Amino acid sequence: MVGSRNRFNCLRKWVGKDGIVPDELTYNVLIKGFFMVGKVDRAWTIMEFMRTKGCRLNGFNYATLMNGLSRDGKMNKAEEALEEMKRCGLKPDAVVYTTLINGLCRSGRTEEAIGLLEEMKVAGCKADIVTFNVLLVGLCKEGRLMEALSMVESLPRAGVQLDKGSYRIVLNGLLQGGELEKTAEFLFLMLARGFVPHYATSNELLESLCSGGMVRESADALVELVEMGFMPKLEVWCLVIEATCREKKLLSAFELLDE
DNA sequence: ATAGGGTTAG
């Protein structure tokens, strides 16, 4: 295995003596590689090297750079890179913005991440599914569950196609946050829209509804989940039926058993 | 064209 220093020296030799000119793509592979193995200073050297060779950074290079910086805890540097990019006349795209939004969310700066989403809109850059899912994770982690919920609730009306990940992020956030009623409500919303929770989440959710006294909802949820092809763990199945019996809803219990 | 961003849950 050749060390990173030697690999770079190899490139230096090619460029210096053999007249081989690497393009931005080659540089990008190197920048990403050095960031991946934690050699941030080496990544910097590559970019300095690019500049001395008169090779300007492109959007890919900036995205790679920003991702490396924010994962290295250097969020401010990543934000500076965005400004530099704009100064150079490059138009940041959804990947560049999403990279920064993710970094801000991870640093607990969700409010600023939302600000960047606004900036995207103003700049005419369309946020995609990755952008929204990153932001949803950030909102949930910060306990801003109602905002996450209302985003998922309303985005499809605005023409944004969310995926099962979007729904699972929010469902999970609500469940972990102890928002039992909202969780049940949200489950029915996502099922109605054709998105199913993960197997483990479904079981956990049914258990939580039962132990939280929401027996009626747990029975309804069970029926709907089963209709979507879900097969609960045996103990969860029993739990819901027993709870329904205890509530003296014998008829409902029989209906469940029929299912 | 190629190269750049993520989550779910386990």
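Letters go in sequence order (proteins before strands), and every chain restarts at 1. None of these values were measured; they are calculated from a predicted model.
Residues forming a salt bridge (Lys or Arg N to Asp or Glu O under 4.0 Å) with A:Arg144 (at least two apart in sequence, or on another chain): A:Glu111, A:Glu142, A:Glu147. For A:Met146, the side-chain contact (heavy atoms from CB on, under 4.5 Å) test picks out A:Leu149, A:Leu174, A:Glu179, A:Lys182, with sequence neighbours left out. Under the rule for a salt bridge (Lys or Arg N to Asp or Glu O under 4.0 Å), A:Glu217 has no partner lying at least two apart in sequence or in another chain. With sequence neighbours left out, A:Arg157 forms a salt bridge (Lys or Arg N to Asp or Glu O under 4.0 Å) with A:Glu153. Scanning for side chain to side chain donor-acceptor pair (under 3.5 Å) contacts around A:Glu79 gives A:Arg109, with sequence neighbours left out.
Looking at A:Thr64, its side chain has no donor and acceptor atom pair within 3.5 Å of the base of B:dG4. Scanning atom types as modelled, one donor and one acceptor separated by under 3.5 angstrom connect the side chain of A:Asp128 and the base of B:dG5. Between the base of B:dG5 and the side chain of A:Thr131 there is a donor-acceptor pair shorter than 3.5 Å. No hydrogens or angles were tested; on distance alone, nothing pairs the side chain of A:Asn61 with the base of B:dA3 as donor and acceptor under 3.5 Å.
Atoms NZ (A:Lys141) and P (B:dT7) sit 7 Å apart, rounded to a whole Å. Note: CZ (A:Phe34) to P (B:dA3) measures 19 Å, nearest angstrom. Rounding to whole angstrom units, CG of residue A:Leu90 and P of B:dG4 are separated by 18 Å. Taking atom CG on A:Asn28 and atom C1' on B:dG4, their separation rounds to 6 Å, with Å as the unit. The interatomic distance linking A:Leu82 (CG) with B:dG4 (P) rounds to 20 Å, in whole Å. Going from atom CE of A:Met50 over to atom P of B:dA3 covers 16 Å, rounded to whole Å. Taking atom CG on A:Asn67 and atom C1' on B:dA3, their separation rounds to 13 Å, with Å as the unit. The nearest whole Å value for the distance from the CG atom in A:Leu136 to the P atom in B:dG5 is 20 Å.
Side-chain nitrogen and oxygen atoms of A:Asn172 include at least one within less than 4.0 Å of the OP1 or OP2 phosphate oxygen of B:dA9.
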Which donor-acceptor pairs under 3.5 Å do the side chains of residues 125-134 of chain A make with protein atoms, sequence neighbours left out?
{"unit_1": "A:Asp128", "atom_1": "OD1", "unit_2": "A:Val130", "atom_2": "N", "d": "3.0"}
{"unit_1": "A:Asp128", "atom_1": "OD1", "unit_2": "A:Thr131", "atom_2": "N", "d": "3.1"}
{"unit_1": "A:Asp128", "atom_1": "OD1", "unit_2": "A:Thr131", "atom_2": "OG1", "d": "3.0"}
{"unit_1": "A:Thr131", "atom_1": "OG1", "unit_2": "A:Thr98", "atom_2": "OG1", "d": "2.8"}
{"unit_1": "A:Thr131", "atom_1": "OG1", "unit_2": "A:Asp128", "atom_2": "N", "d": "3.2"}
{"unit_1": "A:Asn133", "atom_1": "OD1", "unit_2": "A:Ser166", "atom_2": "OG", "d": "2.7"}
{"unit_1": "A:Asn133", "atom_1": "ND2", "unit_2": "A:Asp163", "atom_2": "OD1", "d": "3.3"}

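Applying a 4.0 Å cut-off to non-hydrogen atoms, the residues of residues 99-126 of chain A that approach DNA chain B are A:Thr99, A:Asn102, listed by residue number. The stretch residues 155-168 of chain A comes close to DNA chain B through A:Asp163, A:Gly165, A:Arg168, each having a heavy atom under 4.0 Å from the strand.
Contact annotation: the side chain of A:Met50 approaches that of A:Asn61 to within less than 4.5 Å [non-hydrogen atoms, C-beta and beyond]. Looking only at side-chain heavy atoms (C-beta outward), A:Phe188 and A:Asp220 come within less than 4.5 Å of each other.
The aromatic ring of A:Phe60 sits over the base of B:dA3, with ring centres less than 5.5 Å apart and planes inclined by under 30°.
Ring geometry, A:Phe49 versus A:Tyr27: the interplanar angle exceeds 60°, so the pair is classed perpendicular (tilted spans 30 to 60°).
Annotation for A:Leu25: hydrophobic cluster partners, listed by chain and number, are A:Val29 (ILVMFWY side-chain heavy atoms under 4.5 Å, direct or chained).
Between B:dG4, B:dG5, B:dT7, one nucleotide has an atom nearer to the side chain of A:Val130 than all others, and that is B:dG5. The side chain of A:Asn133 has B:dT7 as its nearest neighbour among B:dT7, B:dG5, B:dA9.
Using a 4.0 Å heavy-atom distance criterion, A:Val137 is classed as a sugar-phosphate-only contact.
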